[in-house]
Enquirer: 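There's a structure below that I have some questions on.
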Amino acid sequence: MSTELRSLAGSDSADHLRAWFGPERDNVPRFLSRDDCVTLAHNVMRAVRGDGLSRVNIVSDWTGEVRWARNRAYVTSDRRNHHIGITRAYKRGITVFLNQLDEISLADAVRRAENTAGWGGASSSFFAPSLPPVNFEYPETHIWSETTYAQPQNTRGAVARSLTEAAERNGMLSAGYLNVAARGTAIVDFRDISKFLYAPQTLAQCSMTVRDPNGLGSGWAGASSYDWSQFSPEKLAAVALEKCLKSRNPVAVEPGRYTVILEPQAVYSFVNTFMSHMNRVDAELPGAVFWSRMNAANIQGDRYPVSLSKLDERIIDDRVTIDHDPTDPALGVLPFSDEVLYVEPFRKTTWVERGVFQTFPYDRKYALQQVHENRGYPYSGSFRMSGGPTTVDEMIATTKRGLLVTRFSEMYEVDGLSMLYSGLTRDGIWLIENGKVSKSVKNFRFTESPLFVLNQIEQLGVPMPVFSPGFPAIVPPLKVKDFSMTSLSDAV
Amino acid sequence: MTSQFTLPRRQFLESCAMAGAAPLIRRIPLSRIPLHGDDAPVGCLLDVTTRQALALRAIDAAMAAGARYADVRLTYTRTRSLTPTFGESEELGIGVRALVDGYWGFASSPYWAPDAVSWLGQHAVTQAQANGARPVRVVELGTIPKIVDGSWQTPVKIDPFETPVEDIFDWMAELNGWIGAKLPKSTETVKWQNSIILFSCWQQEQVFASSEGNSYTQKCTQVEVEKEIKVQDLNKGVEIFRVPQVWGRAGMGVELAYDNADAVRAWVIQSVDEMQQLLSLPKKQVEPGRSDVILDARSMGSLVANAFGDATQLDRALGYEANAGGSSFLGPDPMKFLGTPLAMERVSVIAGRSHPGDLATVGWDAEGTPPRDFPLIEAGKFVDYQTTREQASWLAPYYGQRNGLVQSHACLTARSALDLPMQHTPNITLSPGQQNLQLPDLVASMKKGILMRNGKMHMDFQRTGGIADGEMYEIKNGRPSAILVSGGGLFKTTELLKNIQSLGGVASREWCTAESEKGEPSQSVPFTVWTVPALVEQMAIIDVTKKA
C-alpha cells in the first residue's frame, strides 16, 4: 500500500524545499524564503516555451492560532498554504493558480496558461504590452518582527488560557481568537529576473468578547499589529470583562439624535468606510454620485472631467488630516499593492489635509492619460487620522446628555449617492447624563453617513491603533453631535 | 454565428499543436521536464489508492502521538471561470483534526507526500496539546454508521471540466445575443442593460479517513450560471433588475445552463413585459406605518437564510461565534427555546444535505455522518438545531425526551482540507403552503398593501430583527399602482414569523444561493435555500433614508 512518492522534483535545486515540511524544528521555515522563491521562479522559467511575457506571483502563508469560547480554548490550529500565480501572455494573457511546488505541477500550470492565454477575448483577459514591469524601487516598511515569528507555540496556548480566567472568576463567558501569522510575497517578472520583489511579513491579532451567561450584557476588546509585543492581551481581556460587567441589564432609551462619544474602534468603522468610497471603481448612475465626482479616476469614459471633482475643496472638519506613510513603524504594510498584475509601490500620501481633499488613488491607465506618468497611485488600506488633546473622560465630563459607544456592527449601504449607512451599536453602549456615565442602554440601529459624522466633530482625542488585521490604522476617539440613532434593537 | 470569443475549433487545435501541448479537453501534463530519472506521479495525478494510503498514514501518526480520535481530509480542488475573466486554479490540501483530552488540534498543509502527512498527523496532536495546563474535558462524539471505502459523487450529466471551453463560450454568445435582441432599445433616459452570462465551475475530489476505521471518497461538482437584466429610468431615478430563477449556483454540471435555456428565453420575454409595466408606474415616497407586505420568494430566501440558517446553528446559539458574527435569539439556553412556538402553524422549515442539485448536498459530511433531512420548524414549533457529532451530545437531554436518538445532523463542513472543519448551514427548505397560490395570486388578492421584490434582509448580530430592503411597489386592488422609494420593512424576527398569513404553493417554489459565514478566520460555505412567496401582515414600513 505504500508507494514511495516524491512530491518534489529530484533536482538538487529543490532539495532545500523538501525541508519545508519536515519534523518540527526551530529552524524549519513555515513559509517560503527569498531563496525558495528564486528556485521556484527558475523552475517556472525552465518550463516556459516560446516568447511572450511571463510572470510568477508567490504568496506563502502560515498561521498559528487559538480559538476559544465559553472560557476554554476550543481548537488550536497550524495552517499553511501557498498561492502561486503563473501568468503567460502573448498578445493577451491569463493567470493560472496552483499551490504545489514540484516541477511537474509548475510545468503543467505554465502549459495551461499558454494554452488558454487567448481565451475570452478583449474583456476577458489583460492586454500584455500594457502590463508594467516590477522593477521599481519600493520603500522599506516595518512588517517583520523576529520575536513574533519565533514565538513558541505553547505561548499562544498559555495566553489564551490566561485570558479566560478573569471572566470565569466573575461568572462571565469569554469567547475570542488570537493568532500569529507569517507570509512571504514574491513577484517575479521574467523580463528582468534580477529585479524581483520579495517581502516577508508577520501579523498578529487578539480579540475577545465577554458575555453574561444569561445574555444580558456583552463587552469587546481587540488589537492587531505585525508585532505581538505592540499590544497586551491581558489588558484587552480586562477591558472586555469590565465592559461586559458594566453593560449588563441595559435599559431602553428613545431613538433620536444624540451627542455620541465614539471610541476609536467605532470611529474606525466610519472612517474606513469613508476611505473605501474614495477607492471605489464603479459609477453606474450618472448624476451627483459624491465620490465619482471626487475621484475623477473612478469615472467611466469622459463623463466627469476632473474639474467637477472635489479636489482642493474642504470636505470634512478642518481638524482632520488623513494620511499614510508606508515607512511609519506603526503603519507598516506590504510596500507594494499585491495585485496579480498591476503591482505598484505605495507612496507617502496625504489623502485629506486639514479637511481639504488632496488626492485620490488612480490606476496606471488614468496615470498615463491624465497625469502623464507611467505608474498608478494605489491606496494601501492603511491610514493615520489626526486627533486632538481631549481624553475620553474629558469628553464625558463635558457632555450633558449623550451616548458612549464601544463599536459598531457591520453596516450596509442605504444610499450610495449620499453615503448613507445603517448598522448597529455593539458590545457596550452607555447613557451619559450631566457629565457622568449613568446607565447601560440597549443597542441602537443607526442611520448615518461617514461624511456627516466627520463634519459634526465637537472634540477629538489622542489617536491610537485599532483592531484592523492586515491594514494598520491609527484613529482618535471623537465626540460627534446629532448622530442619528433611528431605532432600538433587542440584540445584545 | 461565430462567437467573438472563440477561434474556429480546427484552428485552435492547430495552434495548440504548434505550441507543443494537448488541447484543453483533458488535462494531461505534457512537456515534463526530465526529473533525473524519476517518473513518479505527483499531486493530483496520484490515484485513489495512494491518496487513501496517505490518509491512513496521517491518522496512524496522530494516534501514535496520543490522539483519542483523529480524522483527515485530502482535497484536490479545481476551479475555472469563463466570464467575466477567464481563470483557472488548482489546489491540493490535507487537513488533520486530532482530539486529545477533549481539546481539538488542527493542522493543514498543501503537501501530499508520506513524510509530510506523517508529520502533519503528529503536528495536529501537538496543536491540541499546546493549550497550557487545562482541565481534561469530555467530548462525546456519539456513533455514526460504519463506512468502509464509501464512494459518492454529485450526479452530473455534463462535467464542466470535460466540456470544451469554446463550446460553452459559443453557447453563451448565441443565447446572450438572442436576449440582447429581445430587450427594448435604450433611449436617452431609459437604459436597458443586458449583462454578460457569468459562468464558473468548481470541482473537488475528497478522500476522508478516521481513526474509527471509516473512509470514503467523494467528488463534488458545482456550477454557477448568472444572468441579469436591468433597466434604469434616469429621469425617475429608478432601477429595476431581474434574474432568472432557474439559474444560480447548483450542485450539478453544465446541464444547469443548457437544460434551462428555453426557460430563460421565456423568462426574458415575461420579465421585459413586467419591467416595462412597473417602470411606467408613478414614483411615490413611502408612507411610514404598518402595512401588509407580500415578500417574493427571493426576499423570503434572504429571510430564511438569515433567520433560520444562522440562528439555528447550535454553536452560534451557545456563544461560539460571539467574537465573530454574533450569537442567536434562540439562545443562550437552547432548552428554553426547543419545543416552543416560533411561527404561524402553517410554517415548516426542513434542513438537510441530500436533495440532488443543492449546494450543501453530499454523501457524508466532513466527519463521515450520512445526511438525513431534519425539521427545524414543525407546524410553527421550533424543534431542532443544526449539529455535528460533538454538538449533538450537547442536546442529549432534549433528544432523550423526544425519541432517545442522539444523532449528528451531518452539518460539519470544510470548504477544502486546508480549512478547519466547522458546523455550517445545510440546505434549507421553507415548506410550501397547502393552497395552489403563486405570486400573481397573492398580489391579485391584495386590496391595499406592498409588494417587495428581490429583498435582502439586513439583520442584527443575534438575528432578533432587521430591515427588509428591496424593490417596493404599492398594491391597490390587486395591481401595482406605484413605485415606492426609500422604503424598507423594519421587523422583529419572531413577530414577522407569527404574522405570516399565507404562503405560496408548490408551483411557486424557487431556489437561491446563500452563504454560511462564520469562524475565525472567516469561512464562507454556500448552501441552497428553497422558498415560496409569503404574505406578512402588518409589517412596520419606514423610510430607510430618514435619519432620527
Side-chain angles (χ1 to χ4, degrees), chain A residues 1-3 5-7 9-10 21 23 67 69-70 73 75-82 94 96-100 102-105 107-108 111 114-115 119-121 124-125 153-154 157-158 161 173 175-177 208-209 211 215 255-257 409 412 414-415 424 447 484-486 489-491, chain B residues 4-5 16 19-21 24 29-33 35-36 38 40 42-43 50 53 83-92 104-114 116 119 123 127-128 130-132 134 165 319-320 322-323 332 418 420 458 460-462 464-465 490 520 544-545 547-548:
Chain A
M1 256 270 220
S2 56
T3 315
L5 303 156
R6 311 236 330 254
S7 82
F21 56 80
R67 195 166 190 224
R70 301 181 73 88
V75 61
T76 307
S77 320
D78 177 317
R79 295 176 298 113
R80 307 160 188 225
N81 196 13
H82 315 306
I94 224 86
V96 301
F97 294 92
L98 70 159
N99 72 340
Q100 298 295 292
D102 65 281
E103 289 189 34
I104 296 180
S105 301
D108 188 62
R111 203 62 59 236
E114 287 166 353
N115 289 350
W119 279 127
S124 202
S125 56
Q153 186 168 274
N154 286 339
R161 178 108 186 87
L173 294 174
Y177 174 74
M208 68 213 80
T209 303
R211 291 177 68 81
R257 299 277 187 131
S409 71
Y412 83 92
V414 174
D415 178 37
L424 295 117
T447 305
S484 162
M485 300 290 192
T486 34
S489 171
D490 288 328
Chain B
Q4 66 177 111
F5 297 121
C16 284
L24 201 59
L30 300 181
S31 320
R32 285 161 58 154
I33 296 162
L35 295 175
H36 305 273
D38 185 346
V42 298
T50 313
T83 47
T85 43
F86 188 86
E88 287 204 337
S89 78
E90 290 194 313
E91 188 178 72
L92 269 71
W104 289 104
F106 178 74
S108 66
S109 95
Y111 293 106
W112 287 8
W119 176 83
H123 201 54
Q127 299 310 302
N131 269 325
R134 71 275 194 263
V165 166
Y320 282 79
N323 197 47
L418 296 163
L420 173 73
H458 302 283
D460 63 50
F461 39 88
Q462 278 193 315
T464 69
L490 185 66
E520 289 168 287
V544 290
T545 62
K547 294 214 223 178

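Reminder, nothing fancy here: chain letters follow the sequence lines and each chain counts from 1.
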Enquirer: Evaluate the ring planes of A:Y412 and B:H458, with Trp represented by its six-membered ring, and classify them as parallel (under 30°), tilted (30 to 60°) or perpendicular (over 60°).
Expert: parallel
Enquirer: Under a 4.5 Å cutoff for heavy-atom pairs, which residue among B:L92, B:N323, B:L418 has the most contacts with chain A?
Expert: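 Option with the top pair count is B:N323.
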Enquirer: Under a 4.5 Å heavy-atom cut-off, does chain B meet the side chain of A:L98, its backbone, both or neither?
Expert: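 A:L98 touches chain B through backbone and side-chain heavy atoms alike.
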Enquirer: Kindly compute the distance separating CD (A:Q100) from CD (B:E91), expressed to the nearest 0.5 Å.
Expert: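 Output value for this atom pair is 9.0 Å.
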Enquirer: Using a cut-off of under 4.5 Å for heavy-atom pairs, which of A:S105, A:G176, A:G215 has the most such pairs with chain B?
Expert: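 The residue among A:S105, A:G176, A:G215 with the greatest pair count is A:G176.
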Enquirer: With only heavy atoms counted, which part of A:V96 is less than 4.5 Å from chain B, the side chain, the backbone, both or neither?
Expert: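 For A:V96, backbone and side chain are both near chain B.
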Enquirer: Is there a donor-acceptor contact under 3.5 Å from the side chain of A:S484 to the main chain of A:T447?
Expert: yes
Enquirer: Heavy-atom distances under 4.5 Å only: say whether B:S108 touches chain A with side chain, backbone, both or neither.
Expert: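 Contact with chain A is through both the backbone and side chain of B:S108.
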Enquirer: Heavy-atom pairs under 4.5 Å with chain B - which of A:V75, A:L424, A:T76, A:V414 has more of them than the others?
Expert: A:T76
Enquirer: Taking the side chain from A:D78 and the backbone from B:A107, do they hold a donor-acceptor pair closer than 3.5 Å?
Expert: no
Enquirer: For B:T464 and A:S489, run side chain to side chain contact (heavy atoms under 4.5 Å, CB included): C-alpha distance rounded to whole Å, both residues' side-chain angles, the deciding distance at 0.1 Å, then the answer.
Expert: CA-CA 8 Å; B:T464 69; A:S489 171; 4.2 Å; yes
Enquirer: If only atom types and distance count, is the side chain of A:R79 paired as donor or acceptor with the main-chain N or O of B:F106 below 3.5 Å?
Expert: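 Checked: no pair found.
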Enquirer: Checking A:R257 against chain B: side chain, backbone, both or neither under 4.5 Å from a heavy atom?
Expert: both
